[in-house]
Amino acid sequence: MNHDLVVFVPGILGTRLTREGKDVWNQSKQALLSLRRPGRAVEGLMLPPGIGDEEPEGPYALEAAGLLKGPEAFPGLLACLGYPDVRAALGWDDTGPAGQHLHPLQYLVFPYDWRLSNRLTARRLKARVQMALGAWREVAPSVHPEAHDDPPRVVLMCHSMGGLVARYYLECLGGRETTRTLVTLGTPFEGAAKAIRVLTGHALDTGTLATRVLDRVLSVNERLAGLARTFPSVAQLLPVYRAALEEGDRARRLLTGMPVPDLPTDLVDEAFAFHRDIDDAWEHHQAGLAEPPYRVHCFAGRAHPTVHGVKVGVDGSLEFPTHFDNHQEWSGDGTVPSGSAAARWVLDSEDQALWNGERHTGMAGAESLRHQLAAIRRNRPMRGMLSGDTAFGVEVPEIAPAGEPFEVRATGPTVTGTTLRARLLPPGRTAAEIKPVTLVPDGTGDVIAELTAAEGTWVLQVEAERPYTVCHEVVTVVGM
């Protein structure tokens, strides 16, 4: 594996999008969260209705201009911390001796237009990988002697939705023929219930908002829903597990078997069709095989409260619970439920996943995962992951009003037995420059702190002392 081509596929939101050299989606633009001019922001990213798996043309076409370097968020759905130095984040150091670090031709970053269908993106990935692998195979034997007898193959490192793109490429477009390893970080293999929120116009929670800003937020929710419904990728993120529950009923249902108000049925059908294409191709290829031709390493989080589905009231109102009953643990990485992030299509049990306490937004750059990823590439044994007993969960609003305090809450069996501190990091500032706030017990077994910030896109850092653990999340603070 040390001589293989490494391909990094980022998640949704993780690529800068530009038009004629000007940013449409990039660090701290707050395009989607401008409560003053939401219509103008939406227009820049809108796709034509019914685009399906086709290429956008004319004013709808955007350029994928490289990885996002700083934090950005699509409220109610996903956030991304950015990938400022993805090779270092994935555990590699180019300063070592020749043959031990990545040759320039051995590493491919695949930025893409994350609005588009994952089928289309997978076709683009196939073309890029074929070209890069051919170029690397010509050079590899001069760098890695083992490449003479074992031609380089592909190691796919994927964050979030990038894992779905990779799965379609592997099973539906022949990628398994040249791939040695698939590594996924927080991939929603069975979808994420947050997609229901944004597509039904509930991206931003209005439950605790003051009356003076409620109308503005409702308007933003409506515009975000209209925008997201034009993105084939968001439809393909809808959960295909049993994620819907009617008030008064105890049996959860598939979205195809229970209409949800304001959730277009054609988007639900597309989600199930997309996953069915992958599953059918997998079953076809695996017929008669004891195991797939490539290894799978699945990193997933299960420390944080995570929306698992939708509950429909008798009046048609919608709730988005982090659990449906009291009989099992419901958690995830804050975005993707643990059950969806486990690669159950290939793992014998969920215990084979590499569980950690990271939040979704920062999993690709998490310090605790770096040594694991380096070990995978060098085909060495991996160390144990952070256990559930030492992890803590974080609850934080995705959007907060400028100049007003908002609550950060940490949950878990160990939070009252260690010191936890929180700080908000603006772009360009390090943790050492910002004085933290200590979380204090609230009387319920959790610990809380209140933070205040000016308008902007901030990175929330919450760290525990013993054992040292840190997680990050994106918080967007807007002027009201």
Side-chain angles (χ1 to χ4, degrees), residues 1-18 63-69 80 82-94 96 98-114 116 118-144 146-147 150-185 187 294-297 299 363-365 369-370 373-374 376-379:
M1 288 177 59
N2 202 44
H3 62 292
D4 288 334
L5 173 70
V6 178
V7 180
F8 179 68
V9 186
I12 189 171
L13 314 187
T15 299
R16 286 179 53 218
L17 300 181
T18 63
E63 296 292 328
L67 296 181
L68 195 73
K69 298 299 183 182
C80 180
Y83 310 99
D85 187 353
V86 70
R87 283 192 296 180
L90 294 176
W92 294 298
D93 183 358
D94 287 350
Q100 297 300 312
H101 58 75
L102 289 171
H103 186 280
L105 292 179
Q106 191 183 0
Y107 179 68
L108 171 66
V109 173
F110 177 68
Y112 60 93
D113 186 342
W114 39 264
L116 307 179
N118 289 314
R119 295 188 185 90
L120 172 59
T121 301
R123 294 199 296 267
R124 293 176 172 179
L125 174 63
K126 177 180 180 179
R128 291 286 305 278
V129 169
Q130 286 179 332
M131 184 179 300
L133 184 59
W136 172 236
R137 281 181 168 176
E138 292 183 4
V139 175
S142 65
V143 181
H144 298 278
E146 62 266 39
D150 181 19
R153 296 170 70 83
V154 177
V155 176
L156 291 165
M157 296 280 186
C158 310
H159 180 222
S160 189
M161 191 178 74
L164 295 182
V165 174
R167 278 218 71 200
Y168 194 89
Y169 160 63
L170 288 168
E171 303 306 330
C172 301
L173 300 177
R176 60 163 39 209
E177 298 174 3
T178 56
T179 298
R180 196 185 307 270
T181 305
L182 170 66
V183 181
T184 62
L185 309 167
T187 290
Y294 55 89
R295 296 180 180 178
V296 178
H297 298 282
F299 291 83
M363 197 174 294
L369 271 63
R370 289 188 182 186
L373 297 171
I376 288 172
R377 179 187 168 239
R378 297 184 175 98
N379 202 25

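Starting from 1, each residue takes its place in the sequence as its number. Values reported hereafter were calculated over all heavy atoms of this structure, with side chains retained and with hydrogens, waters and symmetry mates removed.
- Atom-to-atom distance recorded for Asp113:CG and Thr121:OG1 is 7.0 Å, nearest 0.5 angstrom.
- Panel note: side chain Arg153, backbone Glu177; a donor-acceptor pair is recorded below 3.5 Å.
- Residues passing the ring-ring contact (aromatic ring centres under 6.0 Å, His included) test with Tyr294: none are found, sequence neighbours excluded.
- Under the 3.5 Å distance criterion, the side-chain polar atoms of Arg16 are left unmatched by any main-chain donor or acceptor of Leu68.
- Across every non-hydrogen atom of Asn118 and Met161, the tightest pair is OD1-CE, 3.5 Å.
- To the nearest 0.5 Å, atoms CG (Leu156) and CG (Leu5) are separated by 8.5 Å.
- Arg128 pairs by the side-chain hydrogen bond (donor to acceptor under 3.5 Å, both in side chains) definition with nothing, not counting sequence neighbours.
- Trp136 places no side-chain N or O within 3.5 Å of a backbone atom of Val6 that could act as its donor or acceptor partner.
- Checked against Pro152 for a side-chain contact (heavy atoms from CB on, under 4.5 Å), the options Gln106, Arg180, His3 give a single hit: His3.
- Of all heavy-atom pairs between Phe299 and Val183, the closest is CE1-CG1, 3.7 Å.
- Under the 4.5 Å side-chain criterion, counting only non-hydrogen atoms from C-beta, Asp4 is not in contact with Thr181.
- The shortest distance between side-chain heavy atoms of Leu125 and Val7 falls below 4.5 Å.
- Contact check for Phe110 versus Val129: no side-chain heavy atoms found under the 4.5 Å cut-off.
- Shortest non-hydrogen contact noted between Met363 and Leu185 is SD-C, 3.8 Å.
- Summarising the geometry of Ala65 relative to Thr18, their closest heavy-atom pair is CB-CG2, 3.7 Å, with the distance given to 0.1 Å.
- Between the side chain of His144 and the backbone N or O of Glu146 there is no donor-acceptor pair closer than 3.5 Å.
- Among residue pairs with one or both ends in residues 154-169, those qualifying as side-chain hydrogen bond (donor to acceptor under 3.5 Å, both in side chains) are Tyr83-His159, Ser160-His360; sequence neighbours excluded.
- For Gln130, the side-chain contact (heavy atoms from CB on, under 4.5 Å) partners two or more places apart in sequence, or in a different chain, are Lys126.
- Annotation: side-chain contact (heavy atoms from CB on, under 4.5 Å) contacts of Thr184 (sequence neighbours excluded): Leu182, Thr187, Phe189, Cys298.
- The side-chain hydrogen bond (donor to acceptor under 3.5 Å, both in side chains) search around Arg137 returns none, not counting sequence neighbours.
- Taking the side-chain hydrogen bond (donor to acceptor under 3.5 Å, both in side chains) definition, one finds that Arg123 meets it with nothing, sequence neighbours left out.
- The OG1 atom of Thr179 lies 4.5 Å from the CG atom of Leu170; values are rounded to the nearest 0.5 Å.
- Closest approach of Leu67 to Pro111, counting heavy atoms only: N-CB, 4.4 Å.
- Residues Ala64 and Leu17 share a closest heavy-atom pair of CA-CD2, 4.3 Å.
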